Amino acid sequence: ARVMLALGATDDNPKADDHLRMAKELLDTCYEFYKRMDSGLSPEIVIFSAGDEDFHVKASDAFNNLRPETVESIFVLWRKTHDPKYREWGWKIFEALQEI
């Protein structure tokens, strides 16, 4: 969904700004999964919470299947916005992958 929203944010789309904002917000959430794990890699399953923590991960779900969607979204949003944070995020994920 993140990539589709970002790619749909074109000049001829009257909702382009909304689509790009939603793509960024979804990617921010997904990157938090990578950032908060000790391994630097997103868990396979995340459970959203309403309590003190916004999400938690069961020990049995703390593995990563190397799904490409987040990295693809980082690439597309960097190309679309040229925001350097996306390059930094991509590099951090690359470094975490080198550790497995």
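Excluded from the calculations below are hydrogen atoms, water molecules and symmetry mates; all remaining heavy atoms, backbone and side chain alike, are included. Note that the coordinates shown come from a computational prediction; the quantities given were computed from them, not determined experimentally.
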| message | Does K92 form a salt bridge (Lys or Arg N to Asp or Glu O under 4.0 Å) with E95? I'd like the steps, not just the answer. | response | CA-CA 5 Å; K92 287 178 183 176; E95 289 179 320; over 6 Å; no
| request: With sequence neighbours left out, write down each residue that passes salt bridge (charged side-chain N to carboxylate O under 4.0 Å, His left out) with K85, or none if nothing qualifies. | output: D28
| request: Decide side-chain contact (heavy atoms from CB on, under 4.5 Å) for L27 and W89; before the verdict, give the C-alpha distance in whole Å, the side-chain angles of both, and the deciding distance to 0.1 Å. | output: CA-CA 11 Å; L27 183 55; W89 291 0; 4.0 Å; yes
| query | Would a hydrophobic clustering, with Ile, Leu, Val, Met, Phe, Trp and Tyr connected at side-chain separations under 4.5 Å, put I93 with I100? | reply | yes
| said: Angle between ring planes, Y31 versus Y34, binned at 30° and 60°: parallel, tilted or perpendicular? | reply: parallel
| field | From F94 atom CZ to E99 atom CD, the distance as rounded to the nearest 0.5 Å | value | 10.5 Å
| query | How about Y86 and K24: do any of their side-chain heavy atoms sit closer than 4.5 Å? | reply | yes
| message | Quick check on N65: does its CG atom have over 12 non-hydrogen neighbours (other residues, nucleotides or ligands) under 6.0 Å away? | response | yes
| query | How many angstroms lie between NE2 in H19 and OG1 in T10, if you round to the nearest 0.5 Å? | reply | 9.5 Å
| query | Looking only at atom types and distance, does a side-chain atom of N64 sit under 3.5 Å from a main-chain N or O of S42, one as donor and one as acceptor? | reply | yes
| message | Minimum heavy-atom separation for V76 and A6, please, with both atom names. | response | CG1-CB, 3.9 Å
| Does a side-chain heavy-atom distance below 4.5 Å link D54 with R36? | yes
| query | Would you say the side chain of L77 lies within less than 4.5 Å of the side chain of D83, judging by non-hydrogen atoms? | reply | no
| request: Flag yes if L66 and F63 sit in one hydrophobic cluster, no otherwise; membership is Ile, Leu, Val, Met, Phe, Trp, Tyr, and two members link when side-chain heavy atoms are under 4.5 Å apart. | output: no
| Counting heavy atoms not belonging to R87, are there more than 12 under 6.0 Å from its CZ? | no
| task | Heavy atoms only: give me the nearest A16-A9 pair and the separation to one decimal. | result | O-CB, 3.4 Å
| said: Let me check something: do I74 and W91 share a hydrophobic cluster, defined by ILVMFWY side-chain heavy atoms less than 4.5 Å apart, either directly or through other members? | reply: no
| said: I need the minimum non-hydrogen distance between G8 and N13, along with the two atoms involved. | reply: O-ND2, 2.7 Å
| request: Please examine the side chains of R67 and E44, heavy atoms only from C-beta on, and report whether any two atoms are closer than 4.5 Å. | output: yes
| Would you call F33 and F55 a side-chain contact if the rule is heavy atoms closer than 4.5 Å? | yes
| Pairwise side-chain contact, I45 with K58, heavy-atom cut-off 4.5 Å (strictly under) | no
| field | L5 and L20, any side-chain heavy atoms less than 4.5 Å apart | value | no
| Student check: side-chain heavy atoms of V46 and D61 closer than 4.5 Å | no
